[in-house]
Amino acid sequence: MEDINELIEQRIRKLEDLREMGINPYGEPYDITHHASEIHSLFGEKDAESLEKDPVEVSVAGRMIALRSFGKAAFSHLQDETGKIQVYFRKDILKEAYGIVKKLDIGDIVGVKGELFRTRTGELTVMVREFKLLTKSLRPLPEKWHGLKDVELRYRQRYVDLIVNPQVRETFAKRSAIIKFIRDFLEREGFIEVETPMMHQIPGGAAARPFKTHHNALGIDLYLRIAPELYLKRLLVGGYERVFEINKNFRNEGISTRHNPEFTMLEFYVAYRDYRFLMDFTERLFTELLKEITGSLRLKYGDLEIDFSPPWERISMFDALMNAGVPEEVLRDYEKARDWARGKGIDVSGAVTLGKLLDEIFKEKVEPSLVGPVFITDYPVELSPLAKRKKDDPDFVERFELFIASREIANAFTELNDPQDQRERFLKQVEAKEKGDEEAHWMDADFIRALEYGMPPAAGEGIGIDRLVMLLTNSPSIRDVILFPQLKPEK
RNA sequence: GGGCCGCUAGCUCAGUCGGCAGAGCACCGCCCUUUUAAGGCGGGUGUGCCGGGUUCGAACCCCGGGCGGCUCACCA
């Protein structure tokens, strides 16, 4: 960064002045007694007289975000992780140390110590007895009225966004609380958390294009994982009955308000259960999560108001399509479905199977109306190469997707544990891949071998954490819930 | 990747018909010991995203490129 301007030069001069005064502008550890919010919650009720009678001494540290300076006194607000507190510097108290105050700028990080008092206007304030410059800031912060709005700067320099936009700090605090709740919930339900490889020799568990990398010492190409699924199921083979992983997946696809190349996924697997169990479980997880995070089962998202009160609607993909006005005979015949979709102007160029056609029609005709929450169940087998077939209808699988605000939030199914069927499904995928489907699954011979040892009947589910956080924080873009979203290089 | 929109001071933004680059905040100097977007007086600090072109003259018009936003396609 060579963008040194006059404002920065001025601050560098102040920094040099401070050094000459014997002040270290990149200070030392500083002991605080309180955070800003603690001062307000502990002493917010005390009036001016009682503060004078029983003085409360506090020590706080934070970034100066406002400075109103008089000749021989100055008010400032310090911002720490919890909030803001006003502090008051006076020359008659600080004596020669007041010369340092004159060299302070908005953005500097300071520690102050002194007694609480109330100003004429009643604001709880620290009367500074002593203070230390902890860090000199060389770059000017965005202005106080409009703050930082330029979204490009907000994403590129998230640190500045976090300093000046408190709601951004709240969003990411909420993200942390959501993930913690989920982790605790799963642990209460008997799950253990595991970590499986990020670097796969065979990328599997999803239909997606992977990132490729290379391991020098082994001399082999590796792929960043597109899903942990096949490893988690290997753990079911190994004897764990309930496992989960919350971690990144990587998919080499377009970037949008709903897609970041790396994103956080929860996947969990339960032995001896099926997808019906997971629907109940998901309802329970979400309703308890909502109560914890927002305190209500009604959620506002954009213009939508979504009611999470159970039970949630459950409808098969087939019925949902029929309800949307797709004739039954169309749903059962590839050529009829293709012609019907074309007639409706739906692009079906890449849909080589009836299942893919139905998926296209579904995305066009059903998905936009799924405010939800709603479980769409029983998907065509060719869309779900890792899911178990329905007993009474082998062209479909025991699978559901949970839709909220027209978005797929969760995807779950009863796991296919028949190694022979799994091998055939993989072979079909390999065939599709050879025909040019770049997102088709790869053959994973070791996974088949694992199934041959025997995987208990089980059900598994994936929940996109970023999209869930978007919902719960009313964020329109995935970039608002990822601290450092992927952007093109600055120059 | 396609379409539409945007990019001017540290930040937020104006800028008329192509005619000396502006405002508020921030900043600098002076004054000011209870302020809250403190106040008063004075000061404009600029690679106009980049590169070409048209023109006597371009922030403005044209061409090419960059980055970002929205959207479509793809996905989760």
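Being a predicted model, the structure only gives us computed values, none of them experimental. Throughout, protein chains are lettered first and strands after them, A, B, ... in sequence-line order, and every chain is numbered starting at 1.
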* Structure fact -> Side-chain atoms of A/Glu143 come closest, of B/A26, B/G24, B/U71, to B/G24
* Phosphate OP1/OP2 of B/C28: any A/Lys14 side-chain N/O under 4.0 Å -> yes
* Asked: Quantified in whole Å, what is the C1' atom distance between nucleotide B/G64 and nucleotide B/C74?
  -> 29 Å
* Report which part of the nucleic acid A/Asp150 touches: base, sugar-phosphate, or nothing (heavy-atom distance under 4.0 Å, all strands). => sugar-phosphate
* If the P atom of B/A23 is compared with that of B/G46, how far apart are they to the nearest Å? -> 14 Å
* To do: Determine the Euclidean distance between corresponding P atoms of B/C50 and B/U33; express it in Å to zero decimal places.
  => 46 Å
* Asked: Can you check whether A/Phe75 stacks with the B/U35 base, using ring centres under 5.5 Å and planes within 30°?
  -> yes
* **Whole-Å P distance, B/U45 and B/C63** => 34 Å
* Asked: Taking the six-membered ring for Trp, is the centroid-to-centroid distance between A/Tyr231 and A/Tyr269 below 6.0 Å?
  -> no
* So does A/Thr125 get a side-chain nitrogen or oxygen closer than 4.0 Å to the phosphate oxygens (OP1/OP2) of B/U34? -> no
* When all nucleic acid strands are considered with a 4.0 Å heavy-atom cut-off, which category describes A/Ser69: base, sugar-phosphate, or nothing? -> base
* Indicate, with a heavy-atom threshold strictly under 4.0 Å, whether A/Leu487 touches base, sugar-phosphate, or nothing. => sugar-phosphate
* Assess the pair A/Trp312 and A/Phe400: is the distance between their ring centroids shorter than 6.0 Å? => no
* To do: Mind checking A/Lys149 for me? I need base, sugar-phosphate or nothing, with any heavy atom below 4.0 Å counting as a touch.
  => sugar-phosphate
* To do: Return no unless some side-chain N or O of A/Arg479 is found under 4.0 Å from OP1 or OP2 of B/G69.
  => yes
* Under 30°, 30 to 60°, or over 60°: which ring-plane class applies to A/Phe403 and A/Phe362, parallel, tilted or perpendicular? -> tilted
* **Length of the line joining A/Asp359:CG and B/C74:C1', which is rounded to integer Å** => 12 Å
* For A/Leu148, report the nucleic acid contact type (base, sugar-phosphate, nothing); a contact means any heavy atom under 4.0 Å. => sugar-phosphate
* Candidate nucleotides B/G10, B/C67, B/U34, ranked by approach to the side chain of A/Arg156 - the nearest -> B/C67
* Return no unless some side-chain N or O of A/Lys144 is found under 4.0 Å from OP1 or OP2 of B/C11. => no
* Polar pair under 3.5 Å, donor/acceptor by atom type, side chain A/Glu6, base B/G10 -> no
* Asked: Distance between the C1' atoms of B/A21 and B/U34, in whole angstroms?
  -> 41 Å
* May I ask you to check whether A/Phe413 and A/Tyr379 place their ring centers less than 6.0 Å from one another? => no
* Can you tell me the Watson-Crick or wobble partner of B/C25, both distances under 3.5 angstrom? -> B/G10
* To do: Would you please confirm or rule out a distance under 4.0 Å between OP1 or OP2 of B/C27 and any side-chain N or O of A/Arg11?
  => no
* B/C41 and B/G24: how far apart are their P atoms, nearest whole angstrom? -> 12 Å
* Same-atom distance (P) from B/G51 to B/G66, integer angstrom -> 15 Å
* Rounded C1' spacing from B/U12 to B/U71 in Å -> 26 Å
* **Donor-acceptor pair present, A/Glu123 side chain and B/U34 base, under 3.5 Å** => no
* **Distance below 4.0 Å between A/Lys488 side-chain N/O and B/C67 OP1 or OP2** => yes
* Charged N to carboxylate O under 4.0 angstrom, A/Asp444 versus A/Arg234? -> yes
* What class does the angle between the rings of A/Tyr88 and A/Phe117 fall in, given that below 30° is parallel, 30 to 60° is tilted and above 60° is perpendicular? -> tilted
* **Salt-bridge contact A/Arg183-A/Glu193 (side-chain N to carboxylate O under 4.0 Å)** => yes
* Classify the side chain of A/Arg68 and the base of B/U35 as holding, or not holding, a donor-acceptor pair under 3.5 Å. => yes
